[in-house]
Amino acid sequence: MKDDGSHSIQLADEQLLLLPERALWWPQQKALVLSDVHFGKSATFRANGIPVPEGESQEDLDRINRLLGRYPAQRLVIAGDFFHSPVPLISSLDALLREWLAGLTVEVILVRGNHDPACFQLIRSAESLAMGDLLFIHDPVAAPPDQACITGHVHPLCRIGKAGPRSRVPCFVQSGVCLTLPAFGTFTSGSIMQRDEKTLLFPVVAGKVHAF
Amino acid sequence: MKDSIDPIGMLFGARGWNPHQFQRDTWRAYAGGHSGLLHAPTGLGKTLAVWMGPVAEAYLEAEEPKTCRVLWLTPLRALAQNTVDSLSASLVELGSGMEVGSRTGDTSSYRRAKLRDKLPFALVTTPESLSLMLTYEDSRQRLSDLRCVIIDEWHELIGSKRGVQTELCLARLRRWAPKLRTWGVSATLGNLKEARDVLLGTDSAGSVLIDSRQQRPIEVTTMVPVSVDRFPWGGHLGLGMIKRVVEALRQGGSTLVFTNTRSQTEIWHQALLDADPSLKRRIAVHHGSLSREARSETEDRLMNGDLLAVVCTSSLDLGLDFSCIDQVIQIGSPKGVARLLQRAGRSGHGPGRVPRLCCVPTNALELLEFAAARDAMEAGEIESKRPLIRPLDVLVQHVTSCSIGERIAESDLFQEVRSTYAFRNLTTSEWGWVVDFVSDGGAALKAYPQYCKVLREGGNLHFVDKRMIQLHRMNIGTITSDVAISLRMANGRSLGSVEEGFIRKIKPGQAFYFSGRLLELVRVHQLVATVKPCRKTRARGDIPIWSGGKMPLSTELSHAVARRLEGASSLPSRPEANAVGELLELQRRWSEIPTGKVLQVEHARSRQGEHLFFYTFAGRLVNEGLGALMAHRLSEGNSQSIQVSQNDYGFCLTSSGVLSLNEQSLRQAASSANLLPDLLSCLNTHELARATFREVARVAGLIQQMQPGNRRGMKTLQTSSGLLFEVFERYDPGNLLLEQARREVLEGSLELARLREALQSIESKPLRLIEMDRLSPLAFPLWAERLNFVISSEDASSMIEEMLKDLEAKAAQTLAT
């Protein structure tokens, strides 16, 4: 573990840095990688008559901006589910997103997830993406067996310490040569992962990525 | 011509019955246009008391009414058909063509459509179904000729959100049907008058409370163990008396064996079979985690006389009238007086029979509890049920429901809501917040961009979006179903559910007991665990644990126990109380017997450090709060250094360092001043509120109840309540639902009112500090309780064994002198 709370791992022959902000820095490719933002989630609730306050959309974009400011990134790869719903965004969020994209100086690539709209003009998107020795694909189940992959989709959490709601923390999961990222979005929950012989968990606790 | 006809007289005459006085009183009050509450024990004809008033009224009309006149609300939908049958029977006997129907969650869509065409004379329904019915456009017109609404088992509803939901629906009905009278039926409660006022709201003027005052005598016996532990410890469960329980089953006829938790039913069921294999297929288990089919199968077999006994939890506290039951066995603490009465009353129905109750204590303290419960039963000291005040989540749901279909004026609805007991003090700003929250976000609009649910136009509310209405209707109700893993056989047959935490610990291939059967886990996939019968011989199974089984002793019962300990001469001699003589003798010789009149504090040392034992008789939850509060104050905020353990009688503070022993500092630590701020800073109220938010969010419609068949398309609306709680805290911290979750923690989980009373009572009592050489018999269970939290169970039981051996040796010496 490093001073900034990040944790370095090796996947295939690539050196990757797991960040406590629930994202990944790939120095070799100068790529910032994250997954499952679920942009516009609270708006989806409101559109269905469920009053959930707005706030997470702006906050998540700000968090991405801060990471882009910290690392010399040339590209931002999103491993799926940048959006929460394929239904078009409400106007205020649409404007927010356009403004954010216009201000970016990096290339953005979205590997489409099950929540993303099939075609979205503003962001370049693909079903999967090969980069260096790694393949980006949203759902780990769809990953080719012996190919080193970076995936999302499952929103992995793990239990730490004693029982209680706070004992569930987001984690990175390395299962063989497949790395699954935690959900980046503020308004996301997840499912508990179990550790076994071939699965390593990297929980994010109090601003640090731990290995266990 | 009809003037001379007396339908009630005809019915009773034909059955050869004589009406009870309370029945005559109820009929007279109803005929006089009054509403009211009837209190009568089961099995004496309370149904006919409330039913025959409106029947007679309609019967005497020139023409049989074509409209719906009576609504009958029951808390248990399983009871609906049973009720329809018994109500119909009297109409048939009178030769009336009037009909009774039912509408509950179980009613088929075909039947529901029929009911939409024409409502019967009387409709049996549940609070949830009624709420739903009120959202249909023509309901107002179809119910406008209603004369009477009857709320059965009101004691089951009052004090819960379902009760508040019922209050709100009643307020609605009263406006729709001006001639409406409201009649509640309740079992014994300590606050019957208040229960009536809650039922009637501002309509309670001129209403009556009819108390049958007829107590059915109950035959109570307690199984006193041959040898009683001098150091009571809950770890062993009274299974030592299993042979005698088997004997009681053989002698006593058809029996309900009540336990306090679902796990206990499984344990006792298995133990009974082990003790007497011939009971196989003659006894069964019944608890809330079994599938509905399994439960009704057991109920049917019990009714048919197929079963000798059913081991059950509160799932059979109320429900079908099992007229066949001869006796009730209560295993373990009675917990409350009303609860014990209710359970006992499940037996001995029918003329000339009496309820028979057999108490089986599982440790020495429970002997005292049974003695005390019998004292309180005889003295008529029964628990009250406090009504809930202003639960805004229920109001959010109700206001949304009310604006479906027709435009409703905000001011009228406000008035109507304020006519209920729960919301009689609702402020205009709270009301304004609720209206904002269900419409467009209102004052916090910035936080809710492009949200619009209920339309607000010129002081009117109107909910028109069809899709949102459908979603809302699916979520009406206040019952939160737990996230549970359902158990299925490979062929898909459902057995019931267990908690996720339990099944995750079981590995595939491992065996466990469920519903009295030994099962083997095949696999867990998503929310379904597939199992098969375990064929391995000699396999021992685990017993599932369901959380939330630790119910506190009621205040009334705690006080009765304290009086027992005082040994007041006015109390009758009881065998179970005499059986704890040695325990009390030791307590007296080594320390003193704590009573309700002093605050006794014992100071002792053990290998773990210093202990202070406080005897408050305040019930487990309050003792937990008191302990945390005192630990916090005594350690000046560094509460990690003091550990707390508690039971119903008192609590224990343990410190590896030195504990302050002067009276002044103990007094200060137990002061009722500054209670709330201190409590908030020492307990993790934030975590507790976050947990409580689950129910609040569900009732307010923030969390969608998953219903089979409706899963499609709902995935994007799934979230966890914990996450929602955080989102609200961050982006709309002024949201009143957060406030309510916090209030529910203080009032519900921590019993703030009882806690304050306990502190005030402590302040008024003299303090008796006793230096101990060893643990007293009453201190022992508190000491042992603590170990289970801090070390592994194997280590704990060996330490407990060691301590017991030591204490028993000392006790033998003491008692020999």
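The analysis underlying the following values was restricted to heavy atoms, covering all of them including side chains, and did not include hydrogens, waters or symmetry mates. Remember, it's a predicted structure, so these values are computed and weren't measured experimentally. Reminder, nothing fancy here: chain letters follow the sequence lines and each chain counts from 1.
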Is chain B contacted by the side chain of A:Ser91, its backbone, both, or neither, given a heavy-atom distance below 4.5 Å? both
Distance col, row A:Glu54:CD vs B:Tyr451:OH, nearest 0.5 angstrom, shows 14.5 Å
How about A:Thr186 and B:Glu726: does a side-chain donor come under 3.5 Å of a side-chain acceptor? no
Would you check if the side chain of A:Arg46 reaches a backbone N or O of B:Pro449 as a donor-acceptor pair within less than 3.5 Å? yes
Closest non-hydrogen atoms of B:Gly701 and A:Ile50, given as atom of the first, atom of the second and distance, are O-CG2, 3.7 Å
Can you give me the closest heavy-atom contact between B:Leu702 and A:Phe45, atom names plus distance? O-CE2, 4.4 Å
Could you grab the distance from atom CD of A:Glu56 to atom CG of B:Leu723, nearest 0.5 Å is fine? 9.5 Å
Would you call A:Val52 and B:Tyr731 a side-chain contact if the rule is heavy atoms closer than 4.5 Å? no
If you measure from CG on B:Asp732 to OG on A:Ser42, what distance do you get to the nearest 0.5 Å? 11.5 Å
Shorter than 4.5 Å, heavy atoms on both sides: which option in A:Gly55, A:Ser189, A:Gly49, A:Pro53 has the most such pairs with chain B? A:Pro53
Which heavy-atom pair separates B:Phe728 from A:Pro51 by the least distance, and what is that distance? CZ-O, 3.3 Å
Under 6.0 Å from the CD atom of A:Glu99, do we count more than 12 heavy atoms belonging to anything else shown? no
For residues 136-151 of chain A, please give each side-chain donor-acceptor pair under 3.5 Å, one per line with the distance, not counting sequence neighbours.
{"unit_1": "A:His138", "atom_1": "ND1", "unit_2": "A:Ala79", "atom_2": "O", "d": "2.8"}
{"unit_1": "A:His138", "atom_1": "NE2", "unit_2": "A:Asp81", "atom_2": "OD2", "d": "3.2"}
{"unit_1": "A:His138", "atom_1": "NE2", "unit_2": "A:Asn114", "atom_2": "OD1", "d": "3.0"}
{"unit_1": "A:His138", "atom_1": "NE2", "unit_2": "A:His153", "atom_2": "ND1", "d": "3.0"}
{"unit_1": "A:Asp139", "atom_1": "OD1", "unit_2": "A:Val141", "atom_2": "N", "d": "2.9"}
{"unit_1": "A:Gln147", "atom_1": "NE2", "unit_2": "A:Asp133", "atom_2": "O", "d": "3.1"}
{"unit_1": "A:Thr151", "atom_1": "OG1", "unit_2": "A:Leu179", "atom_2": "O", "d": "3.3"}
{"unit_1": "A:Thr151", "atom_1": "OG1", "unit_2": "A:Thr180", "atom_2": "OG1", "d": "2.9"}

How long is the span from the CD atom in B:Gln450 to the CG atom in A:Leu89, to the nearest 0.5 Å? 10.0 Å
